Engineer: 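The structure under discussion is supplied below as structure tokens; questions concerning it will follow.
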Amino acid sequence: MNENVDMVIPAILTKLRKHVPLVHNITNVVVTNFTANGLLALGASPVMAYAKEEVAEMAAAADALVLNIGTLTAEKVESMIIAGKAANQANTPVILDPVGAGATSYRTESVHRIMKEVKISLLRGNAAEVANVAGIKAKMRGVDSVSEHNSQGIAMEAAKLLQVPVVITGEQDIVAVDGKLSIIHNGHSLLTKVTGTGCLLSSILGAFIAVEEDVFLASIAGLVTYGVASELAFEKTSEESPGSFQIELLNQLAKIKEENIKESMRVEIKRG
Ligand code: ATP
Ligand code: TZP
Ligand code: MG
Ligand code: MG
């Protein structure tokens with residue numbers, strides 16, 4: 001790892017806490033409360049606003065807009081497009097989590113519609129979701145990816161085909177932005193036993209991109225912060241208990257410091 005990146009990445013967390021970015025989420029009903037609590041714990045300011053009468057105003061006032069299609073309705077798609085356009089006009093970054101893309105055609109088509117109308121700053125999903133959005137066939141069952149995928153290959157190809165920065169998460173997290181590529185090895189398998197950990201991560205990436213305009217660096221910083229917080233949470237709960245781990249993850253998102261990140265970050269910059 002480049003020494004400069006070693007210093008720059010942890011410092012983005014301090015920047016986030018200083019600025020307390022307002023993150024406007026149009027998200028799903030499963031993860032709403034967990035997402036708000038996770039953003040608050042980290043040091044960001046969450047707001048959920050869905051009515052088409054108010055989303056443009058909220059998105060324009062926010063520091064990041066996060067669109068999450070987990071429990072989609074026609075009304076929500078309409079609101080997401082209105083909010084996304086307002087965010088684009090105000091130069092507010094827009095993060096898109098294509099939850100379950102490929103599981104039904106409605107999800108895939110809605111993502112395509114949103115991406116046609118709104119300029120996306122970051123697309124974050126599991127390998128199968130991102131593959132399906134990019135037109136690369138991959139199996140989905142509900143909101144979970146079914147089989148092993150070549151995440152690195154999919155991330156690079158999707159970023160190129162869609163012309164959008166991409167983060168694919170899983171055992172390893174991949175960041176592909178403008179030909180740059182990074183792999184993050186932090187995280188804990190208990191994250192797969194708590195619903196909404198991917199959705200919360202997408203919103204947290206929104207908070208990082210709000211304070212750091214280099215999307216490549218901001219994404220790496222968000223992923224290592226979250227990954228290291230999950231490792232600390234596992235150390236505290238120290239057994240395979242998803243319930244305690246979920247609560248401890250919130251605690252560690254509040255407690256994590258630059259020093260913890262410097263000590264534990266496992267980041268490969270493959271092409272910087
Ligand atoms: P899925 O529906 O496939 O679980 P998701 O949207 O929940 O996708 P994940 O890929 O689970 O998103 O990513 C959420 C967090 O969990 C990320 O920080 C990621 O690094 C971490 N993670 C996922 N799987 C593992 C694993 N096997 N080991 C360690 N960390 C993991
Ligand atoms: N069903 C629709 S949205 C959702 C479920 C279970 C939450 C998915 O959250 P994540 O973060 O992708 O695990
Ligand atoms: Mg998961
Ligand atoms: Mg998800």
Side-chain angles (χ1 to χ4, degrees), residues 25-39 42 48 66-73 76 80 95-104 106-108 110-111 122-133 138-149 151-152 154-155 166-175 182-208 219-235 240 242 245-246 248-250 252-253 256 261 264-268:
N25 304 270
I26 303 183
T27 189
N28 68 74
V29 297
V30 183
V31 305
T32 307
N33 178 271
F34 183 52
T35 301
N37 277 324
L39 284 167
L42 182 70
M48 277 62 178
V66 181
L67 306 177
N68 176 311
I69 70 153
T71 49
L72 211 51
T73 60
K76 256 192 194 168
M80 285 183 188
I95 288 74
L96 177 61
D97 187 333
V99 184
T104 67
Y106 182 57
R107 284 175 191 254
T108 316
S110 299
V111 171
L122 180 70
L123 178 69
R124 196 298 309 173
N126 65 38
E129 288 163 347
V130 171
N132 279 302
V133 172
K139 263 202 168 159
M140 282 295 292
R141 185 164 182 268
V143 297
D144 294 321
S145 153
V146 174
S147 46
E148 284 298 303
H149 296 96
S151 299
Q152 234 182 94
I154 294 171
V166 167
V167 164
I168 289 184
T169 52
E171 192 172 349
Q172 299 179 349
D173 301 328
I174 319 290
V175 185
S182 173
I183 304 177
I184 290 92
H185 297 271
N186 295 103
H188 193 277
S189 57
L190 264 183
L191 285 167
T192 66
K193 299 294 177 200
V194 178
T195 193
T197 54
C199 300
L200 169 57
L201 173 62
S202 293
S203 292
I204 283 180
L205 290 173
F208 275 87
S219 300
I220 297 172
L223 290 164
V224 290
T225 302
Y226 199 68
V228 172
S230 73
E231 291 165 15
L232 295 169
F234 178 70
E235 276 171 32
E240 299 287 320
F245 174 78
Q246 181 182 20
E248 198 51 42
L249 180 61
L250 295 179
Q252 295 304 324
L253 284 170
I256 190 166
I261 298 174
S264 306
M265 66 195 278
R266 285 181 286 148
V267 177
E268 271 180 77

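Computed from a predicted structure; not experimentally measured. Every number for a ligand or one of its atoms is a count from 1 in the order of the listing. Counting from 1, the numbers follow the sequence of the chain as shown.
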Engineer: Do Asp173 and ligand 1 have an N or O pair less than 3.5 Å apart?
Structural biologist: yes
Engineer: How close do Ser219 and Val175 get, counting heavy atoms only, and between which atoms?
Structural biologist: CB-CG1, 3.8 Å
Engineer: Of the options Thr71, Asn68, Thr195, which is the one that meets Asn28 in a side chain to side chain donor-acceptor pair (under 3.5 Å)?
Structural biologist: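 Exactly one pass, corresponding to Asn68.
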Engineer: Show which atoms of ligand 2 fall inside a sub-4.0 Å distance from at least one heavy-atom site of Asn28.
Structural biologist: 3 (S)
Engineer: Counting heavy atoms only, which of Gly198, Gly70, Cys199, Pro98 is nearest atom 8 (C) of ligand 2?
Structural biologist: Cys199
Engineer: Using a heavy-atom cut-off of under 4.0 Å, does the side chain or the backbone of Val99 touch ligand 1, or both, or neither?
Structural biologist: neither
Engineer: Would you say Arg124 and ligand 1 have an N/O pair spaced under 3.5 Å apart?
Structural biologist: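 Arg124 vs ligand 1: N/O contact under 3.5 Å present.
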Engineer: If every non-hydrogen atom of Ile168 is compared with every non-hydrogen atom of Ser151, which pair is closest and at what distance?
Structural biologist: CD1-O, 3.7 Å
Engineer: Would you call the rings of His188 and Phe245 parallel, tilted or perpendicular if under 30° counts as parallel and over 60° as perpendicular?
Structural biologist: tilted
Engineer: Should you measure from each heavy atom of Gly196, which atoms of ligand 2 turn up under 4.0 Å away?
Structural biologist: 9 (O), 10 (P), 11 (O), 13 (O)
Engineer: Please indicate whether any nitrogen or oxygen in Tyr226 is less than 3.5 Å from any nitrogen or oxygen in ligand 1.
Structural biologist: no
Engineer: Ignoring hydrogens, what is the shortest heavy-atom contact between Ile69 and Arg107? Give both atom names and the distance.
Structural biologist: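 Scanning both residues completely, I find the closest heavy atoms to be O-NH1, 3.5 Å.
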Engineer: Find the distance between CG (Leu42) and CG (Leu250) and round it off to the nearest 0.5 Å.
Structural biologist: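 Rounded to the nearest 0.5 Å, the CG-CG separation comes to 10.5 Å.
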Engineer: Which of the atoms of ligand 1 are close to Asn126, meaning less than 4.0 Å from one of its heavy atoms?
Structural biologist: 1 (P), 2 (O), 3 (O), 8 (O)
Engineer: Quick one: closest heavy-atom pair of Asp173 and Asn186, and the distance?
Structural biologist: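 What the structure gives for the nearest pair is OD2-O, 4.3 Å.
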Engineer: Which of the numbered atoms in ligand 1 are below 4.0 angstrom from a heavy atom of Gly198?
Structural biologist: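 Within the 4.0 Å cut-off of Gly198, ligand 1 contributes 5 (P), 6 (O), 7 (O), 12 (O), 14 (C).
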Engineer: I need the contact type for His188 against ligand 1. Using non-hydrogen atoms and a strict under-4.0 Å cut-off, is it side chain, backbone, both or neither?
Structural biologist: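 Answer for His188: backbone.
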Engineer: For ligand 1, which atoms, with element, lie under 4.0 Å from some heavy atom of Thr192?
Structural biologist: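 Checking each atom against Thr192, I get 23 (C), 24 (N), 25 (C).
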Engineer: Could you give all pairs that pass the salt bridge (charged side-chain N to carboxylate O under 4.0 Å, His left out) test and reach residues 219-234, with sequence neighbours left out?
Structural biologist: Glu231-Arg266
Engineer: Could you tell me the separation between the OG1 atom of Thr192 and the CD atom of Glu171, rounded to the nearest 0.5 Å?
Structural biologist: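 Going from OG1 on Thr192 over to CD on Glu171, the span is 10.0 Å.
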Engineer: Indicate yes or no: does an N/O atom of Gly170 lie under 3.5 Å from an N/O atom of ligand 1?
Structural biologist: yes
Engineer: Can you give me the closest heavy-atom contact between Asn25 and Ser203, atom names plus distance?
Structural biologist: OD1-OG, 2.7 Å
Engineer: Enumerate the residue pairs fulfilling salt bridge (charged side-chain N to carboxylate O under 4.0 Å, His left out) with a member in residues 183-192, sequence neighbours excluded, ordered by first and then second residue.
Structural biologist: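 Every pair satisfying salt bridge (charged side-chain N to carboxylate O under 4.0 Å, His left out) with a residue in residues 183-192: there are none.
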Engineer: Just go through Asn186, Ile168, Leu191, Thr169 and tell me whose heavy atom is the nearest to atom 16 (O) of ligand 1.
Structural biologist: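 Of the listed residues, Leu191 has the closest heavy atom.
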Engineer: Closer than 4.0 angstrom: is that true for some heavy atom of Gly227 and an atom of ligand 1?
Structural biologist: no
Engineer: Considering only heavy atoms of Gly187, which atoms of ligand 1 have at least one such atom less than 4.0 Å away?
Structural biologist: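 Ligand 1 atoms under the 4.0 Å threshold to Gly187: 29 (C), 30 (N).
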Engineer: Show which atoms of ligand 1 fall inside a sub-4.0 Å distance from at least one heavy-atom site of Leu201.
Structural biologist: 17 (C), 18 (O)
Engineer: Report the part of Leu201 (side chain from C-beta onward, or backbone N, CA, C, O) that has a heavy atom under 4.0 Å from ligand 2; answer both or neither where that applies.
Structural biologist: neither
Engineer: So, for Val224 and Met265, which heavy atoms are closest and what is the spacing to 0.1 Å?
Structural biologist: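 Here Val224 and Met265 meet closest at CG1-CB, 4.1 Å.
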Engineer: Please determine if Thr197 has a nitrogen or oxygen closer than 3.5 Å to a nitrogen or oxygen of ligand 1.
Structural biologist: no
Engineer: For Gln172 and ligand 1, answer yes if some heavy atom of the residue is under 4.0 Å from a ligand atom, otherwise no.
Structural biologist: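 No.
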